[in-house]
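Letters A, B, ... mirror the listed sequences (proteins, then strands); counts begin at 1. Keep in mind that what you see is a predicted model, and the values were worked out from it rather than measured.
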There are 2 protein chains.
Amino acid sequence: MASIREVAQKAHVGVGTVSRALNGSGYVSADAKKRIDQAIEELHYMPNELARNFYRNRTGIIGVVIPNLDHPFFSKFTMEVEMELYRHGYKTLVCNTIGISNREQEYLEMLDRSMVDGIITGSHSLDDSSYLSHDKPIVSLDHDFGGKIPLISSDHKKGGRLAAEVLLADGCKHVIQFAGSTKVRTPANDRHVTFTQMMQEHGVQVQTVESAWNRFTFDYFQKTMEKFMKKYTNVDGIFTADLPAICCLNYAKKYGRKVPEDLKIVSYDAMEITQITDPCLTAVRQDVPQLAKACVHSILALIEGKPVKNMRQIFDVSLQRGGTA
Amino acid sequence: MASIREVAQKAHVGVGTVSRALNGSGYVSADAKKRIDQAIEELHYMPNELARNFYRNRTGIIGVVIPNLDHPFFSKFTMEVEMELYRHGYKTLVCNTIGISNREQEYLEMLDRSMVDGIITGSHSLDDSSYLSHDKPIVSLDHDFGGKIPLISSDHKKGGRLAAEVLLADGCKHVIQFAGSTKVRTPANDRHVTFTQMMQEHGVQVQTVESAWNRFTFDYFQKTMEKFMKKYTNVDGIFTADLPAICCLNYAKKYGRKVPEDLKIVSYDAMEITQITDPCLTAVRQDVPQLAKACVHSILALIEGKPVKNMRQIFDVSLQRGGTA
DNA sequence: TTGAAAGCGCTAACAC
DNA sequence: GTGTTAGCGCTTTCAA
């Protein structure tokens with residue numbers, strides 16, 4: 001690929017003039033411009049972005065760090081992020097951590113290496129300190145770094161409340177909720193806290209089952225669900241994420257438990273996949289496009305040195321009425 | 001962030017020595033090494049990858065161009081590609097084209113701008129010439145560029161045959177297949193060609209419905225399916241991709257058509273999502289991890305200037321027995 | 001309005 | 001073994 005110098009030579013001007021013509025910065029006479037354009041044409045010249053980035057010390061690339069792309073929530077989130085970043089002239093580098101903190105660490109270090117201009121992270125298997133020691137732009141989905149890093153999250157407290165209200169209204173007496181790890185107090189876990197509180201306030205028995213979900217396969221979910229469903233046979237209500245919820249529904253069908261008559265299910269996220277079961281799932285919906293847009297706008301604000309208007313953006317959730325509760 | 005020069009000064013050595021220590025290239029005395037390590041430690045030095053890449057004229061980034069990340073096949077494919085690239089020290093830049101050829105073109109140009117070292121493309125809305133005029137590494141999923149660009153594909157002919165065999169064995173007399181655009185003769189479309197041939201050979205009526213699917217929402221699929229199902233009421237067999245197949249199944253349930261008694265359905269791809277319907281879908285499975293690995297290995301071979309052992313890698317497909325046919 | 005030149009941080013060639 | 005230096009291709013002073 002030809003360089004700017006070759007273009008300059010061919011057009012009989014200096015490299016500075018070519019650069020100015022290319023970037024529309026500074027004066028270039030119409031005559032020079034014409035010769036330059038022609039030279040570019042003839043040489044099929046294309047500016048080397050690497051050199052440009054090097055000079056500017058930026059790449060126009062944002063890292064999106066998520067646990068697992070092969071999951072309806074994160075693939076949708078990543079898609080929406082990519083679309084919005086693209087609109088603003090940025091590119092998306094995608095990083096599956098599948099729960100491996102090494103991977104998370106390595107992607108984080110790309111910030112220091114100037115490989116990415118910023119990171120949007122929805123994966124949190126590292127200590128907070130690993131993030132807080134960075135001064136480069138980071139935005140967090142669903143993990144609270146104490147106001148030092150912009151937080152974008154759904155109103156998970158309300159999410160837990162909505163789920164609880166549905167199951168309470170249905171008269172459940174013994175409910176079980178399947179959660180990821182709740183060791184870390186993170187906004188996404190608030191739903192389980194609120195859910196538990198509300199259930200207990202109404203004298204309903206709540207069982208919370210935690211599992212570390214890093215790779216999500218139906219097979220694994222199915223087995224896990226079966227195990228607990230067989231253990232707690234008197235359960236009449238379930239609250240969990242979309243995918244395990246679907247497994248519960250399948251389990252119920254397989255073993256002849258009527259949904260919603262004998263068993264009510266409320267799921268969380270309400271991705272498209274909840275529309276294809278029979279009956280459709282009753283679910284608490286997160287507004288993924290909104291979350292994605294907020295992440296993008298916050299990271300761009302940080303990059304451009306603008307103040308982030310709101311360091312804690314919490315988005316509303318809503319109830320999707322299906323046939324399982 | 002400190003530069004290599006500052007490290008050199010602090011360690012009382014030249015920048016060359018630091019560089020050699022950093023890269024393990026050339027000789028560095030134990031003494032110098034120690035002082036350098038200490039200086040790096042104190043300065044929190046981290047090599048600027050941008051400068052390094054600039055010098056080497058590479059980024060270690062591969063562009064993955066797909067129609068839509070929010071689709072089970074492509075999100076799984078992209079995930080598998082990312083994992084394999086990561087294993088080989090490469091990063092993944094993801095690009096949703098959602099059928100917009102401008103986007104495809106722009107990502108393609110990143111090759112010329114040296115922003116990516118290579119491109120794996122599963123999206124083909126541009127003319128072949130746009131691809132063939134490039135000399136940089138490109139690998140294609142499911143589009144045949146005539147042997148000039150490595151092709152990775154499933155054995156879609158066999159896929160079409162497997163689907164046909166199932167519906168024939170079930171005694172279907174009037175089948176319909178929903179396809180994307182079949183204007184372009186591309187391996188993925190072979191399944192519909194083979195399917196049609198086999199059906200006709202056995203005197204079965206085949207209807208082929210084409211639609212341009214760029215963004216995939218169940219809502220859209222559902223409406224499209226309903227339209228055609230109502231138009232062709234005597235259809236007793238359906239062959240289409242996973243998502244529209246699920247919509248057909250839902251439609252059938254909604255309108256009381258018994259599956260598989262009155263209506264048989266065979267879907268294509270056999271992603272996890274086909275496991276959660278009731279009954280599970282009978283489907284032709286593509287081996288996505290294999291496809292992804294092959295794409296990665298081919299692109300890396302191209303980048304490293306090694307010969308690509310096989311310019312047309314076709315992977316076997318298999319039948320997943322479900323309850324819909 | 002323009003060309004020459006400095007320099008972004010790094011690597012590698014080449015003297016010492 | 002090690003320091004010096006010349007670029008990599010581009011942008012941006014700065015003097016003309």
Side-chain angles (χ1 to χ4, degrees), chain A residues 1-40 43-61 89 109-117 136, chain B residues 1-40 43-61 89 109-117 136:
Chain A
M1 183 64 54
S3 77
I4 198 173
R5 190 147 40 230
E6 294 171 63
V7 175
Q9 277 167 3
K10 190 154 206 128
H12 301 293
V13 295
V15 292
T17 308
V18 178
S19 176
R20 263 174 273 133
L22 243 39
N23 299 289
S25 54
Y27 299 99
V28 179
S29 67
D31 182 51
K33 177 91 173 82
K34 211 178 68 187
R35 293 203 312 275
I36 290 169
D37 284 345
Q38 196 182 335
I40 287 175
L43 292 165
H44 299 297
Y45 170 74
M46 191 75 88
N48 183 333
E49 199 100 9
L50 238 50
R52 202 176 254 179
N53 289 348
F54 171 49
Y55 179 85
R56 295 186 180 146
N57 197 38
R58 63 179 291 281
T59 59
I61 296 174
E109 278 172 9
M110 294 181 67
L111 272 178
D112 293 325
R113 301 175 170 282
S114 301
M115 275 298 287
V116 293
D117 295 344
K136 299 283 190 66
Chain B
M1 184 61 59
S3 78
I4 198 174
R5 190 146 41 231
E6 295 171 63
V7 174
Q9 276 168 3
K10 189 154 208 130
H12 302 291
V13 295
V15 290
T17 309
V18 178
S19 176
R20 263 172 273 134
L22 243 38
N23 299 290
S25 53
Y27 300 99
V28 179
S29 67
D31 183 50
K33 177 91 174 84
K34 212 178 66 186
R35 294 204 310 277
I36 290 169
D37 284 345
Q38 196 181 335
I40 287 175
L43 292 165
H44 299 297
Y45 170 74
M46 192 72 90
N48 183 335
E49 200 98 11
L50 239 49
R52 205 176 252 178
N53 289 348
F54 171 48
Y55 180 85
R56 295 185 179 147
N57 197 37
R58 63 178 293 280
T59 59
I61 296 175
E109 278 172 10
M110 293 179 68
L111 272 178
D112 293 325
R113 302 174 169 283
S114 300
M115 275 299 287
V116 293
D117 296 344
K136 301 282 192 64

pair [X]-[Y]: side-chain heavy atoms closer than 4.5 Å:
X: N57(A); Y: N48(B); value: yes
X: I61(A); Y: M115(B); value: yes
X: L50(A); Y: Y55(B); value: no

Inset, instruction - Working to the nearest 0.5 Å, report the span between CD of Q38(B) and CG of L43(B). - result: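 Going from the CD atom of Q38(B) to the CG atom of L43(B) covers 10.5 Å.
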Inset, instruction - Hey, could you give me the OG/CD1 distance between S29(A) and I36(A), rounded to the nearest 0.5 Å? - result: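 It comes to 7.5 Å.
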Legend entry - salt bridge (charged side-chain N to carboxylate O under 4.0 Å, His left out): pairs with one or both residues in residues 27-39 of chain B, sequence neighbours excluded: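 Listed by first then second residue: D31(B)-R35(B), K33(B)-D37(B).
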Legend entry - Pairs meeting criterion salt bridge (charged side-chain N to carboxylate O under 4.0 Å, His left out) with involvement of residues 19-29 of chain B, two or more places apart: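 Output for this query is empty, none listed.
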Legend entry - side-chain contact (heavy atoms from CB on, under 4.5 Å) partners of M1(A), counting only residues at least two apart: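 Expected list: M46(A), D112(B).
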Inset, instruction - Walking along DNA chain D from 5' to 3', note the first and the last nucleotide with an atom under 4.0 Å from a heavy atom of chain A, and give both. - result: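 Nucleotide range with atoms under 4.0 Å of chain A: dC8(D) to dT12(D).
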Inset, instruction - Mind checking side chain to side chain donor-acceptor pair (under 3.5 Å) for R56(B) and listing every partner two or more places apart, or none if nothing turns up? - result: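 Partners of R56(B) by the side chain to side chain donor-acceptor pair (under 3.5 Å) criterion come out as none, since no residue qualifies.
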Legend entry - Qualifying residues under side chain to side chain donor-acceptor pair (under 3.5 Å), relative to D117(A), sequence neighbours excluded: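 If we apply the side chain to side chain donor-acceptor pair (under 3.5 Å) test to D117(A), skipping adjacent residues, the hits are T59(A).
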Legend entry - DNA chain C-proximal residues of residues 31-38 of chain A, any heavy atom under 4.0 Å: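 Correct list: A32(A).
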Inset, instruction - Only counting residues at least two apart or in another chain, list the ones meeting salt bridge (Lys or Arg N to Asp or Glu O under 4.0 Å) with R52(B). - result: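 Not a single residue meets the salt bridge (Lys or Arg N to Asp or Glu O under 4.0 Å) criterion with R52(B).
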Inset, instruction - Return the angle between end axes of the helix from dT1(C)-dA16(D) to dC16(C)-dG1(D), with five pairs used per end and rounding to 10°. - result: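 Its terminal axes enclose an angle near 50°.
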Inset, instruction - Show your working on side chain to side chain contact (heavy atoms under 4.5 Å, CB included) between K136(A) and S114(A) and close with a plain yes or no. - result: CA-CA 9 Å; K136(A) 299 283 190 66; S114(A) 301; 4.3 Å; yes
Legend entry - Rounded distance (Å) that lies between atom C1' of dC10(C) and atom CG of N53(A):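 Whole-Å distance recorded here is 16 Å.
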Inset, instruction - Can you tell me the distance, in whole Å, between the CZ atom of R5(B) and the C1' atom of dA6(C)? - result: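 After rounding, the gap between these two atoms is 12 Å.
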Inset, instruction - Would you mind building the protein contact string for nucleotides 11-16 of chain C? One character per nucleotide, 5' to 3', B for base within reach (heavy atoms under 4.0 Å), S for sugar-phosphate only, - for untouched. - result: BB----
Sequence neighbours excluded and cut-off under 3.5 Å, please list the side-chain donor-acceptor pairs for residues 4-18 of chain A, or say none.
{"residue": "E6(A)", "atom": "OE2", "partner": "S3(A)", "partner atom": "N", "Å": "3.1"}

